Student: 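Next up is a structure, given as structure tokens.
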Amino acid sequence: MTFELTATDKDTNARAGIISTDHGDIHTPIFMPVGTVGSVKGVFHRDLKEEVQAEIILGNTYHLYLRPGTAILEQAGGLHKFSAWDRPILTDSGGFQVFSLAENRKLKAEGCEFRSHIDGSKHFFTPENVMDIQRSIGADIIMAFDECPPGTAEYGYAEKSLKLTQQWLERCVKRFDETEGKYGYTQALFPIVQGCVYRDLRLKAAEHVASLNREGNAIGGLAVGEPTEQMYEMVELVNTVLPTDKPRYLMGVGTPVNILESIARGVDMFDCVMPTRNGRNGMLFTSEGIINIRNQKWANDFSPIDPNGSCYTDHCYSKAYLRHLFISGEMLGPQIASMHNLGFYLWLVREARVKITEGTFGSWKNAMVLKLAQRL
RNA sequence: GGGGGGAUACCAAAGUGGCCAACUGGGGCAGACUGUAAAUCUGCUGUCGUACGACUUCGGAGGUUCGAAUCCUCCUCCCCCCA
């Protein structure tokens with residue numbers, strides 16, 4: 001995997017670049033649709049490629065390990081072949097599940113014991129076996145196994161947690177470097193900066209991560225309950241330390257506005273369940289603002305879902321019809337909404353890329369931020 | 001013609017003297033969702049009020065009672081069985 005910086009904005013820290021992987025190029029800034037169990041929920045690969053124009057998608061180590069399991073994935077020849085997705089894939093390590101499935105796990109220095117959310121069975125994740133599992137899944141970019149503490153964590157806990165994450169990171173790197181890809185193409189390991197909302201911890205974590213000199217770096221533990229302004233502050237701070245010649249990935253973020261603000265602070269890669277999950281639940285992100293398509297007021301609005309949208313669904317279907325689908329519990333509704341939202345997110349980052357290249361990102365971003373946060 | 005059963009809020013359906021403005025579903029309305037245990041979850045759903053509360057309701061009209069959706073009388077309508 002390589003990264004080439006192709007443009008830098010004059011007014012902000014925004015950058016444009018190209019990540020090259022064995023499964024193709026990724027133009028940054030980029031949004032990566034989340035496909036936890038090997039499926040971007042409700043969206044066909046063909047639409048993901050041709051309409052949404054997704055260049056890379058996510059998978060999740062914890063979920064894929066439980067189902068279908070590494071044996072099946074290895075027999076299939078890795079997740080790309082298994083799922084018939086031939087573009088790049090990034091897998092999260094299961095670190096987020098240490099956070100989101102907190103009731104079902106026990107943290108230890110050695111690793112993390114999980115109770116499967118499916119059948120209650122016990123599983124033990126360590127930095128080493130998480131690297132091995134991600135080798136079996138075969139993602140182009142794999143993530144270090146970390147602990148993601150809640151945004152409200154107190155300093156003492158945050159400090160302790162960071163120490164654990166850093167120890168785990170060393171072990172991840174060691175294991176990763178001792179092993180190699182199983183399917184004939186290369187993989188890259190991204191370390192993750194933790195440290196909650198504490199400046200000194202974040203700086204320390206960023207310096208540690210930078211010193212490892214990996215092919216890309218991630219910022220984790222944000223958008224997990226802390227105020228948005230603190231998130232921006234942390235992103236800005238961490239990016240003063242993370243190398244400029246490596247892609248920076250802000251994990252799990254976020255709203256369209258979060259993404260624009262973070263691009264302005266030097267982030268290159270994003271992922272979030274928001275466009276798909278909120279889409280399934282009737283929330284549309286459009287070029288004019290946010291729509292709750294279930295609201296009564298759209299019942300007789302026969303205008304297209306998003307007249308400026310880049311997907312065929314945006315022009316093909318009306319708001320009134322999409323509302324009808326949601327109200328009627330038709331599965332086509334969530335599918336259309338998911339595709340629309342993903343299409344919008346990808347349009348947004350492509351547009352950001354153009355503006356960065358043209359040198360007009362700053363003013364464009366400010367105008368967009370005002371528009372996109374509006375509730376229609 | 002005879003006998004029996006029923007009528008409760010938008011729909012269905014509990015409730016059969018006070019704890020009932022009325023269980024529960026559905027529907028409707030609104031909200032939440034950030035490295036996905038989520039096609040999920042939450043709230044509201046008689047009127048007025050932010051709320052404490054006030055007012056009007058259980059087919060209709062009377063009545064009994066301190067008190068009625070619940071008991072009595074009459075009326076209207078619906079369903080079932082027999083002829």
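Every chain is numbered from 1, with letters handed out A, B, ... down the list of sequences. Keep in mind the model is a prediction, meaning the values are calculated, not measured. What's counted below: heavy atoms across the whole structure, side chains too, no hydrogens, waters or symmetry copies.
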Student: Applying a 3.5 Å limit to both distances, which nucleotide forms a Watson-Crick or G-U wobble pair with B:U16?
Tutor: none
Student: I need the CE-C1' distance between A:Met251 and B:G35, as an integer number of Å.
Tutor: 4 Å
Student: Using the six-membered ring of A:Phe176, assess whether NZ or CZ of A:Arg135 lies under 6.0 Å from its centre and within 45 degrees of the ring axis.
Tutor: yes
Student: Sort out the partner of B:U76 for me: Watson-Crick or G-U wobble, both distances under 3.5 Å, none otherwise.
Tutor: B:A7
Student: Return the value, rounded to whole Å, for the distance between atom CE of A:Met32 and atom C1' of B:U36.
Tutor: 15 Å
Student: Between B:G43 and B:U76, how many Å separate the two P atoms, rounded to a whole number?
Tutor: 46 Å
Student: Can a side chain N or O of A:Arg323 be found less than 4.0 Å away from OP1 or OP2 on B:C29?
Tutor: yes
Student: Salt bridge between A:Arg175 and A:Glu128, side-chain N to carboxylate O under 4.0 Å?
Tutor: no
Student: If pairing requires Watson-Crick or G-U wobble contacts with both distances under 3.5 Å, which nucleotide is the partner of B:G31?
Tutor: B:C41
Student: If you go through the side-chain atoms of A:Arg375, does one of them form a donor-acceptor pair with the base of B:G31 closer than 3.5 Å?
Tutor: no
Student: Does a side chain donor of either A:Thr165 or A:Gln194 reach within less than 3.5 Å of an acceptor in the other side chain?
Tutor: no
Student: Below 4.0 angstrom, N of the basic side chain to O of the carboxylate: do A:Glu154 and A:Lys160 qualify?
Tutor: no
Student: Count the heavy atoms of every other residue, nucleotide or ligand shown that sit under 6.0 Å from CD of A:Glu178, and state whether that count exceeds 12.
Tutor: yes
Student: With rounding to the closest Å, how many angstrom separate the P atoms on B:G67 and B:G2?
Tutor: 38 Å
Student: Nearest whole angstrom, please: distance from the P of B:U36 to the CZ of A:Phe114.
Tutor: 12 Å
Student: A:Asp271 CG to B:U34 P: how many Å, rounded?
Tutor: 12 Å
Student: Take atom P in B:C10 and the same atom in B:U45, then report the distance between them in whole Å.
Tutor: 14 Å
Student: Measure distances between side-chain N and O atoms of A:Asp146 and base N and O atoms of B:G35, and say whether any donor-acceptor pair falls under 3.5 Å.
Tutor: yes
Student: Would the base of B:U36 count as contacting A:Ser100 through its side chain, where contact means a donor and an acceptor less than 3.5 Å apart?
Tutor: no
